[in-house]
Amino acid sequence: MTQPMTIIQAQVITQDRAQPRAEAVLVGGGRVLAVGEAADLRALAPRAELLDHRDLILTPGLCDAHTHLVAYGFSLSQINLHGARSVSEVQARVAQVAMNTPAGTWIRGGGFLLSELGLNGYPTAALLDEVSPHHPVQLFSRDLHMTWVNSAALRAAGITPETPDPEGGQIVHPLGCLLEHASGLVSAVMPAPSEAEYLKAAKAGADDLASRGYVSTHTMAYESPDAPRAIQTLAARGELPLRIWACLPHTRLNAARELGIGSGGSGLFQWGGVKFFADGALGSRTAWLHTPGFADGSGTGIALDPPELIRERGLEAIALGLTPVTHAIGDRANTEVLNVYDDLRAAAEAKGIRLRIEHSQHLRPEDIARHKGFVCSVQPIHLQADAPMIRELMPHLADGSYAFKSLMDAGAILAFGSDAPVAAPDPRASFAAAITRVDDSGGRLAPSEAMTAEDVLWAHTRGPAIAAGWDDEGHIRPGARAAFTLWDKLGGNARALVL
């Protein structure tokens, strides 16, 4: 039986150097069969269905290279604090939910920034007690590296002024905020979502990305093991609208070995990376910095996974065919990760693996050139909220923050994402931030690092595909996956087209 074929007529940007532009694409069986002039493809397949999108731009399908997919799905039904400009605004949103929630039920939300709330220090539990004394409340900061909780949540977790800091975390006094691993003290006592709730959240997150024009995503390991299990279930049922490249936390490497998990895989779900955290984040003041540290005197941040551990377990990951993936925000964290990756480079190259740094956010000039050949998974949309904080908290690093063009020129592989639910996975905002460098205050951060629209497209398509080892994605040429994004204009409104 002859497979049905389709001709897509559009303004085609292929990202194939041999044929950068085309009029049409012939697809069949989920693959690109031919690319060229519309008349030639109609002659080649006269019975093919024609999709006439000649007024639109067709590109390889978008990939969000850094999401927490199931957490994002859950966040869609929680309190959204993005854009909250005061503590009273947070209180109002929590109070509204508390009024319609049975007493004792947990209230969750996230998306706030200390700087946007007008705070110089950390907020206390008492501020949430004022509006929710009978509901445990857990609110994550936008970067997910800090939790703001009320007294009911502290009591549930058994946290008192005498509770010692856990390893890799800090309990802020007076009580109310938990940094890094200290957040787990509260998360551990929360009721676990059911399997059905995980499946619902996974589907909600995936469907939302697909509706924005994405055809794939890389999901990071900052979630319960039930999260990737839910995604795998959707894939097995044929209900997954995205291709997924997933990371394990390094603490589960033994499980990966026992289960025979390695790179590769079939279908729409693939285990590909092992996640490490070198430090925290800017907004929570936990990014690991070289001296002089933060300009407000709050220190040099928090180092999390030690370089020795990343080196040792990174080698174990590479031996299994998995990619070491390390979160690094501060300039000191990035220096330390580069030192480790220099030691891992030969082993990775022997396995055909590209070492990967998540965020690469604040860099010293002398470290830029060291990124050649490494994947820098970065999030342009974060620039918009971070730039005012950078000027205030680390002005000496402003020129080396979000250094996209310099990294690209140095030979790094850029893979753009959003870090959803940290930021909305909005491709329009990602393009705008990378091209204009304009932040939420109207200023421009390091304008010399601005990129062209086609460079941004590459970093949202071919870059993530290279990072995941996908030879069949991120370009439009024979044999490639028939997964595209249609645009009214590049960086404008987008929708996915998967055949």
Side-chain angles (χ1 to χ4, degrees), residues 1-64 206-217 234-245 264-270 427 453-454 456-458 460-466 468-499:
M1 180 176 177
T2 304
Q3 66 179 10
M5 291 186 286
T6 303
I7 294 172
I8 310 166
Q9 189 167 353
Q11 302 164 46
V12 184
I13 300 175
T14 68
Q15 293 190 156
D16 178 5
R17 291 181 179 178
Q19 190 178 15
R21 296 288 191 274
E23 279 187 350
V25 182
L26 175 65
V27 302
R31 295 285 160 179
V32 173
L33 303 178
V35 182
E37 300 295 322
D40 293 340
L41 298 189
R42 283 196 293 269
L44 186 64
R47 296 184 180 180
E49 177 188 5
L50 177 65
L51 297 181
D52 190 347
H53 296 302
R54 68 184 72 190
D55 293 331
L56 300 177
I57 298 170
L58 184 80
T59 71
L62 288 170
C63 177
D64 189 314
D207 286 349
D208 181 89
L209 259 68
S211 73
R212 296 171 184 266
Y214 294 100
V215 304
S216 56
T217 188
L234 293 179
R237 293 178 178 178
E239 299 175 8
L240 191 62
L242 301 167
R243 189 182 195 179
I244 307 290
W245 188 87
S266 58
L268 290 178
F269 183 93
Q270 168 190 345
E454 290 212 18
V456 178
L457 176 67
W458 192 95
H460 255 308
T461 54
R462 188 62 192 143
I466 293 172
W470 293 338
D471 292 334
D472 63 345
E473 194 162 304
H475 43 209
I476 301 175
R477 64 185 187 187
R481 181 180 174 222
F484 315 100
T485 299
L486 277 166
W487 308 80
D488 59 350
K489 63 178 181 179
L490 200 56
N493 294 317
R495 64 182 175 94
L497 178 62
V498 181
L499 299 174

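Being a predicted model, the structure only gives us computed values, none of them experimental. One is the number of the first residue; the rest follow in order along the sequence.
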Side chains of [X] and [Y], heavy atoms from C-beta outward: is any pair under 4.5 Å?
{"X": "Tyr214", "Y": "Pro427", "value": "yes"}
{"X": "Leu33", "Y": "Met5", "value": "yes"}
{"X": "Glu473", "Y": "Pro60", "value": "no"}
{"X": "Thr59", "Y": "Leu490", "value": "yes"}
{"X": "Leu62", "Y": "Thr461", "value": "yes"}

So, taking the atom named [atom1] in [X] and the one named [atom2] in [Y], what distance separates them when rounded to the nearest 0.5 Å?
{"X": "Arg42", "Y": "Leu50", "atom1": "CZ", "atom2": "CG", "value": "6.5 Å"}
{"X": "Thr14", "Y": "Arg21", "atom1": "OG1", "atom2": "CZ", "value": "7.5 Å"}
{"X": "His475", "Y": "Asp16", "atom1": "NE2", "atom2": "CG", "value": "7.5 Å"}
{"X": "Asn493", "Y": "Asp488", "atom1": "CG", "atom2": "CG", "value": "4.5 Å"}
{"X": "Asp52", "Y": "Ile8", "atom1": "CG", "atom2": "CD1", "value": "11.5 Å"}
{"X": "Arg243", "Y": "Thr217", "atom1": "CZ", "atom2": "OG1", "value": "12.5 Å"}

Check [X] against [Y] and note the closest heavy-atom contact, atom names and distance.
{"X": "Ala43", "Y": "Pro46", "value": "O-CD, 3.6 Å"}
{"X": "Ile476", "Y": "Ile13", "value": "CD1-O, 3.8 Å"}
{"X": "Asp472", "Y": "Gly479", "value": "CB-O, 4.0 Å"}
{"X": "Gly36", "Y": "Ala22", "value": "O-CB, 3.9 Å"}
{"X": "Ala206", "Y": "Leu240", "value": "CB-CD1, 4.1 Å"}
{"X": "Leu26", "Y": "Ala48", "value": "CD1-CB, 4.2 Å"}

Indicate whether the side chain of Trp245 and that of Ser216 have a donor and an acceptor atom separated by less than 3.5 Å.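 No, because no side-chain N or O of Trp245 sits under 3.5 Å from a partner of the opposite role on Ser216.
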Taking [X] for its side chain and [Y] for its backbone only, find out whether a donor-acceptor pair lies under 3.5 Å.
{"X": "Gln15", "Y": "Gly474", "value": "yes"}
{"X": "Glu23", "Y": "Ala38", "value": "yes"}
{"X": "His460", "Y": "Cys63", "value": "yes"}
{"X": "Thr485", "Y": "Ala494", "value": "no"}

In a check of side chain to side chain contact (heavy atoms under 4.5 Å, CB included) between Phe484 and each of Val215, Val32, Val498, which one passes?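 The single option meeting the side chain to side chain contact (heavy atoms under 4.5 Å, CB included) with Phe484 is Val32.
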Could you tell me which residues satisfy salt bridge (Lys or Arg N to Asp or Glu O under 4.0 Å) with Arg462, sequence neighbours excluded, listed by chain and number?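 Scan of Arg462 (salt bridge (Lys or Arg N to Asp or Glu O under 4.0 Å), adjacent residues dropped) gives none.
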Walk me through whether Arg31 and Arg481 qualify under side-chain contact (heavy atoms from CB on, under 4.5 Å). CA-CA 5 Å; Arg31 295 285 160 179; Arg481 181 180 174 222; 4.1 Å; yes
